[in-house]
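Here is the structure we will look at, set down as structure tokens.
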Amino acid sequence: MKKTYGGETAALVRDLSRQGIHRMSLMIRHSKRDYHEDVHMEPFMCLTDAGKDMAFKLGMALPENMSVKFFSSHIGRCIETAYLIDKGFVSKAGGVTEHNRVSKSVAPFYVRDIARVVDIVKKMDVSSFIRLWIQGGISEDILMNAKEASERMFRYLTCGLLESDKNTLLVSVSHDWNVYLLKEFGLNLPHETYGKIEYLEGVVLYEKDGGIFIANHQKGPVPVVVP
């Protein structure tokens, strides 16, 4: 059966909207992308045609009559994804959007030595690499401490949420590595048990009863404690 990406993310946001939650900050992985055997080509890999269609359909599936603000990593596939979600959303009547803004806080800001990161990734699978990083097994000269990186993203998401107007959805398009950290440290969802981060999968933060909570289609809500 052909897999549909983004459906669980849209369903989560719609469900929260039906519960009366009207301020949300969503961080997701970009849509389906091309790959290249040369890892140095990573920054230049864009969306496939199927990925473009998936992003557009996610936009169409978001709750109507909301203001949606877009943010993304500087990597092209993330910018493409944000643009196409925006395009899908405005294809339906009732919603307004703000143009995408590139934000370092959802980019791979934690990479400190890209050449050495590439060398490590070439020698091991992604799952083992992410676990090694989370456990502190990679020098901070190469990658920022994983917990510190997650805390920076939580501060970014929380500040944006608290500063947003009512009836606003913030959509930040990022990378699987970023979302792995948010699921691990925010929801205690280790990827070895709960699976790899799929295209257009993410987490959502929202305010309710004076507290900030995080949820994913696999778990939630969990209170967020921001350092």
Side-chain angles (χ1 to χ4, degrees), residues 4-32 47 51-73 77-103 105-106 153-175 178-179 182-183 186-187 197-224 226:
T4 300
Y5 297 98
E8 291 167 327
T9 297
L12 173 62
V13 174
R14 288 197 307 270
D15 182 57
L16 290 171
S17 179
R18 284 193 292 268
Q19 293 177 40
I21 305 298
H22 296 299
R23 287 202 304 174
M24 293 176 256
S25 185
L26 174 68
M27 182 183 280
I28 60 172
R29 184 189 180 191
H30 54 75
S31 194
K32 190 172 184 180
L47 299 186
K52 294 174 185 177
D53 186 56
M54 293 169 188
F56 186 88
K57 287 180 178 177
L58 172 56
M60 292 183 65
L62 294 175
E64 297 182 33
N65 300 311
M66 294 188 76
S67 295
V68 185
K69 299 182 179 180
F70 292 92
F71 306 85
S72 78
S73 164
R77 52 186 173 270
C78 295
I79 296 172
E80 277 188 289
T81 299
Y83 169 75
L84 289 161
I85 295 174
D86 186 345
K87 194 173 181 180
F89 183 74
V90 298
S91 71
K92 297 170 61 177
V96 296
T97 65
E98 286 190 11
H99 295 309
N100 179 51
R101 301 179 189 175
V102 169
S103 172
S105 294
V106 299
M153 289 186 284
F154 277 121
R155 285 194 295 270
Y156 157 80
L157 292 170
T158 302
C159 287
L161 176 68
L162 294 177
E163 293 171 0
S164 65
D165 296 326
K166 186 178 179 182
N167 206 38
T168 298
L169 171 64
L170 308 178
V171 177
S172 297
V173 183
S174 188
H175 304 271
N178 298 59
V179 182
L182 296 180
K183 285 183 68 175
L187 289 164
I197 304 301
E198 301 286 5
Y199 298 119
L200 300 175
E201 177 184 346
V203 300
V204 61
L205 272 68
Y206 60 94
E207 186 179 19
K208 184 177 182 181
D209 299 329
I212 304 294
F213 297 88
I214 182 175
N216 171 268
H217 69 278
Q218 295 170 314
K219 184 180 180 179
V222 173
V224 173
V226 181

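All residue numbers in this chain count up from 1 along the given sequence.
- Looking at every heavy atom in both residues, M24 comes nearest to V13 through CE-O, 3.8 Å.
- The shortest side-chain heavy-atom distance between E98 and S67 does not fall under the 4.5 Å cut-off.
- Here the shortest heavy-atom pairing between S172 and V106 reads CB-CG1, 3.8 Å.
- With rounding to the nearest 0.5 angstrom, the CE atom of M66 is 11.0 Å from the NZ atom of K166.
- Atom CZ of residue R29 and atom CZ of residue R77 lie 8.0 Å apart, to the nearest 0.5 angstrom.
- Surrounding OH of Y83 are at most 12 heavy atoms belonging to other residues, nucleotides or ligands under 6.0 Å away.
- Heavy-atom neighbours of K69 NZ from other residues, nucleotides or ligands within 6.0 Å: above the threshold of 12.
- Each of L26, V171, L161 was compared with V204 under the side chain to side chain contact (heavy atoms under 4.5 Å, CB included) criterion, and only L26 meets it.
- Using the six-membered ring where Trp is involved, Y156 and F71 have ring planes that are perpendicular, over 60° apart on the 30 and 60° scheme.
- Across I79, T81, N100, a single residue satisfies side chain to side chain contact (heavy atoms under 4.5 Å, CB included) together with F70, and that is N100.
- Separating the CG atom in L157 from the CG atom in L162 is a distance of 11.0 Å, to the nearest 0.5 Å.
- Nearest heavy-atom pair across M54 and S31 is CB-OG, 3.6 Å.
- Once rounded to the nearest 0.5 Å, the distance linking CD1 of I28 with CG of L182 reads 12.5 Å.
- Contact annotation: the side chain of F89 never approaches that of M60 to less than 4.5 Å [non-hydrogen atoms, C-beta and beyond].
- Across S174 and N178, no two heavy atoms sit closer than the pair OG-CG, 3.1 Å.
- Under a 3.5 Å cut-off, the side chain of D86 and the backbone N or O of H99 do not form any donor-acceptor pair.
- Among all heavy-atom pairs drawn from V224 and F154, the shortest one is CG1-CD2, 4.2 Å.
- With values rounded to the nearest 0.5 angstrom, I85 atom CD1 is found 14.0 Å from K57 atom NZ.
- Between S72 and H30 the shortest side-chain heavy-atom distance does not fall below 4.5 Å.
- For R14, the side-chain contact (heavy atoms from CB on, under 4.5 Å) test picks out A10, A11, R18, A61, P63, with sequence neighbours left out.
- A distance of 12.0 Å separates NE2 in H22 from CG in L169, rounded to the nearest 0.5 Å.
- Using a 4.5 Å heavy-atom threshold, the side chains of V102 and S73 count as separate.
- Minimum heavy-atom separation, L170 to T168: CD2-CG2, 3.8 Å.
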Identify every side-chain donor-acceptor pair in residues 213-220 under 3.5 Å, counting partners at least two apart or on other chains, and give the distances.
| residue | atom | partner | partner atom | Å |
| --- | --- | --- | --- | --- |
| N216 | OD1 | Q218 | N | 2.8 |
| N216 | ND2 | G202 | O | 2.7 |
| H217 | NE2 | E8 | OE1 | 3.2 |
| Q218 | OE1 | K183 | NZ | 2.6 |
| Q218 | NE2 | Y194 | O | 3.0 |
| K219 | NZ | L187 | O | 2.8 |

